[in-house]
Amino acid sequence: QVQLVESGGGLVQPGGSLRLSCAASRTIFSIDTMGWYRQGPGMQRELVASIRSVSTNYADSVKGRFTISRDYAKNTVYLQMNSLKPEDTAVYYCNVRTSGLDYWGQGTQVTVSS
């Protein structure tokens, strides 16, 4: 079993930056996929970014603004969010797929507003 603890959400002005962190309770291997999803008000949950080994994938809406990275020693995945827009407002969920199973973080609120 894997527990995921998220942190870093909050309120930020448009154009600002925020960094989300997600720490796993046990070793996550490079072959395993870690990612971030988000769900805005009245919206379906959507993939924001994912990383497996050295490969990354981003939603078109965040490409060039967000960067996903991992610290293998800390079993932690990060999402650096720059040039934030009001439409980025959502609950962000960490995800890890390991040994064929999916695990989810508790979600962290990101609000972009002036």
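Residues F66 and D88 have side chains in contact (heavy-atom distance under 4.5 Å, counting atoms from C-beta outward). Put simply, the side chain of C22 reaches to within 4.5 Å of the side chain of W36, judged on heavy atoms. Using a 4.5 Å heavy-atom cutoff, the side chains of T67 and Y58 are in contact.
Both tests pass for R19 against the ring of Y78: distance under 6.0 Å to the centre and angle within 45° of the axis.
Scanning all heavy atoms of the two residues, the minimum distance from Q39 to Q44 falls at CG-C, 4.2 Å. Of all the heavy atoms in Q109 and T89, the pair that sits closest is NE2-CG2, 4.0 Å. Heavy-atom minimum distance, M34 versus V96: CG-CG2, 4.0 Å. In terms of heavy-atom proximity, R26 sits nearest to Q1 at NE-O, 3.3 Å. When every heavy atom of R70 is checked against every heavy atom of F29, the shortest pair comes out as NH2-O, 3.2 Å. Counting all heavy atoms, side chain and backbone alike, L79 lies closest to A49 at CD1-CB, 4.1 Å.
V91 and V110 sit in two unconnected hydrophobic clusters of ILVMFWY residues. Membership requires side-chain heavy atoms under 4.5 Å apart, directly or through other members. At a threshold of 4.5 Å between side-chain heavy atoms, the hydrophobic network of Ile, Leu, Val, Met, Phe, Trp and Tyr places L101 and I28 in one connected group.
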Notebook entry, point to check: Passes side chain to side chain contact (heavy atoms under 4.5 Å, CB included), C94 versus Y103? Steps please.
Noted result: CA-CA 8 Å; C94 177; Y103 300 89; over 6 Å; no

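Side-chain contact of Y92 with R38: a donor-acceptor pair under 3.5 Å is present, judged by distance alone. Side-chain contact check for S17 and N82: at least one donor-acceptor pair (N or O, by modelled atom type) lies under 3.5 Å. A donor-acceptor pair shorter than 3.5 Å can be found between the side chains of Q3 and S25.
From L84, atom CG reaches atom OG of S113 across 12.0 Å, with rounding to the nearest 0.5 Å. Annotation: the span from D32 atom CG to I51 atom CD1 amounts to 12.0 Å, rounded to 0.5 Å.
Between W104 and Y93, the ring planes are perpendicular. Angles over 60° get that label, and only those under 30° would be called parallel.
Results of the side chain to side chain contact (heavy atoms under 4.5 Å, CB included) test with N75 over T27, V2, L4 single out T27 as the only residue that passes. In summary, of the residues considered (T108, V77, V48), a side chain to side chain contact (heavy atoms under 4.5 Å, CB included) with L20 occurs for T108 alone.
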